[in-house]
Amino acid sequence: MAIIETINSAINTVVWGKPMLVLLVGAGILLTIRTFGVQFRKFGYAMKNTLGKVFTKTEAKEGEMTPFQAMSTALAGTVGTGNIAGITTAITLGGPGTMFWLWITALIGMATKYSEVLLAVRFRERNKDGDWVGGPMYYIKNGLGKNWKWLGAIFCIFAALAAFGIGNAVQVGNITSSINTVITAFNPDFDKQSLVNIVLGIILVILTSVVLFGGIKRLGAVTEKLVPIMAVIYILACLIVVIRYANTLPAVFHDIFQGAFTPSGVTGGVVGSMVLVITWGVKRGVFSNEAGLGSAPIAHAATSETDCVKQGLYGIFEVFMDTILICTLSGLTILCAAKGAGLDLNIGTEGNTSLNAAALGTVFSQKGGAIIIAVGLALFAFSTVLGWSLYGTRCCEFLFGHKAIKPYQIIFIIVIFVGATMKLDLAWAIADTLNGLMAIPNLIALVALSGVVVKETKRHFSELPSKK
């Protein structure tokens, strides 16, 4: 295990170094410039055609999802432990200033995810089951040409492996951790955590199997109901804490903006350079909203929507919902509780939710905070497992063909049980590395196909007057 940690640490240092930051942010800036800031100038239009159509009933054919189901599945894979435990890590290790860079990453990432989703629908194809399949591997193959298929294969290798980490072990590990926190809150002497983890692992294996082996339509039907419920529960709980300590908001925002350019820890001690603060903000931003990773477009490709730009708008909404709204509320809840109730920020550790629970506990009591985090995290994490089960399956299918789907899904199910008892900090570290590796071929494709994004964007908005 020590050897794995050493190797992963060495690779992670290279993958998440300055070149990756430049590539991630640079690609987002390029796409923002080339689309004339579509995420800003068309933000109202995007919200009207995504959030504004939540209650509009639409039908999808066999092998397809409705646009909202496709977005819900992508959001299910996106909204996960990064929104709760990931923010704790960023603030604890990088200071309040990481929130600023989280926001910058999100604002730029809106253009990145818009482009990813657009290209996924533009270059998708049907598989042997008649399902729509798409994503980076397909817009690389069908957009850049078959000579570039090897680049799509590289993406799939990293993404299929990442599904076991970011979309599986990390999520399951955080579910077990949060449930054990609740049990400990009610019974400090409880010493059967390992048994609880085994039971939870079995339950999650059963639930995931029922949905995963039920096909694309069952996955869409589950996520479109699960995502809104989990988001509302967590958002309301965080809002109550922020409102309770509303008088601390000026000081909190002062710390965020000052910390963004003056590297200092949450307790006042120097924790590193500007690069460290920016890195943690960008890493947790990407881990949370997945803009640039190429994962979410795989779900969006299954939409019944035929206009690639219309589905691309859901990419803008996703990043806004995931990072600007949910991640911001997570961060403000912790920082406001620290200012208003003297919460000790040093109790936060990599991938641990105890700080989040403690922050909510300053208003809802220790037990209440633990329960809210456990419920919220369980829903967030389980939905992510469902989303990533699709991502990994599609990548395996691209690499080895239709016959490889079932074996991959079985392995994915097994990893769920393993993740229930896995060492969590190692899972987080490996997930970070794989995130960076899978992003590289996707970002290369986004830059190379940015002209297609521009062309389709102009086509869609130039046609609007004639559609009225």
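Counting heavy atoms from C-beta outward, Ile298 and Pro136 have side chains that approach closer than 4.5 Å. Between Thr98 and Ile91 there is a side-chain heavy-atom pair separated by less than 4.5 Å. With a 4.5 Å cut-off on side-chain heavy atoms, Thr32 and Gln39 count as touching. Using a 4.5 Å cut-off on side-chain heavy atoms (C-beta onward), Ile29 and Ile33 make contact. The closest side-chain heavy-atom distance from Leu446 to Leu30 is not below 4.5 Å. Counting heavy atoms from C-beta on, the side chains of Lys310 and Thr303 never come closer than 4.5 Å. Inter-residue side-chain proximity for Met99 and Cys327 is flagged as unmet; no heavy-atom pair is nearer than 4.5 Å.
Cation-pi geometry between Lys149 and Phe398 is satisfied (NZ or CZ under 6.0 Å from the ring centre, within 45° of the ring normal).
Relative ring orientation between Trp103 and Phe257 is described as tilted, the plane-to-plane angle lying within the 30° to 60° band.
In summary, of the residues considered (Leu236, Ile229, Ile235), a side-chain contact (heavy atoms from CB on, under 4.5 Å) with Ile233 occurs for Ile229 alone.
Between the CE atom in Met47 and the CE atom in Met321 there is a gap of 10.5 Å [rounded to 0.5 Å].
Remark: side-chain polar atoms of Ser450 are paired, donor with acceptor, to backbone N or O of Val447 under 3.5 angstrom. Judged by distance alone, the side chain of Thr176 and the main-chain N or O of Gly173 form a donor-acceptor pair under 3.5 Å. Distance alone, capped at 3.5 Å, is enough to place a donor-acceptor pair between the Asn168 side chain and the Phe412 backbone. Formation of a donor-acceptor pair under 3.5 Å by the Asn142 side chain with backbone atoms of Phe123 is found in this model. Not a single donor-acceptor pair under 3.5 Å links the side chain of Arg124 to the backbone N or O of Trp132.
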With a cut-off of 3.5 Å and sequence neighbours excluded, list every side-chain donor-acceptor pair involving residues 114-121.
{"unit_1": "Tyr114", "atom_1": "OH", "unit_2": "Thr457", "atom_2": "OG1", "d": "2.7"}
{"unit_1": "Ser115", "atom_1": "OG", "unit_2": "Ala111", "atom_2": "O", "d": "2.8"}
{"unit_1": "Glu116", "atom_1": "OE1", "unit_2": "Gly292", "atom_2": "N", "d": "3.4"}
{"unit_1": "Glu116", "atom_1": "OE2", "unit_2": "Gly292", "atom_2": "N", "d": "3.3"}
{"unit_1": "Glu116", "atom_1": "OE2", "unit_2": "Gly294", "atom_2": "N", "d": "2.9"}
{"unit_1": "Glu116", "atom_1": "OE2", "unit_2": "Asn442", "atom_2": "ND2", "d": "2.7"}

Could you list the donor-acceptor pairs under 3.5 angstrom formed by side chains in residues 154-165, with sequence neighbours left out?
none

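Applying the side chain to side chain donor-acceptor pair (under 3.5 Å) definition to pairs two or more places apart or across chains, those involving residues 393-419 are Asn127-Glu397, Asp129-His402, Arg394-Glu397.
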Item to check | Stepwise salt bridge (charged side-chain N to carboxylate O under 4.0 Å, His left out) test for Arg459 and Asp307 | outcome: CA-CA 10 Å; Arg459 187 266 313 159; Asp307 190 317; 3.2 Å; yes
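For the ring pair (Phe, Tyr, Trp, His ring centres under 6.0 Å) test, residues two or more places apart in sequence or in another chain that qualify with Phe461 are Tyr45. Judged as a ring pair (Phe, Tyr, Trp, His ring centres under 6.0 Å), and not counting sequence neighbours, Phe40 has no contacts. Qualifying ring pair (Phe, Tyr, Trp, His ring centres under 6.0 Å) partners for Phe382, counting only residues two or more places apart in sequence or in other chains: none.
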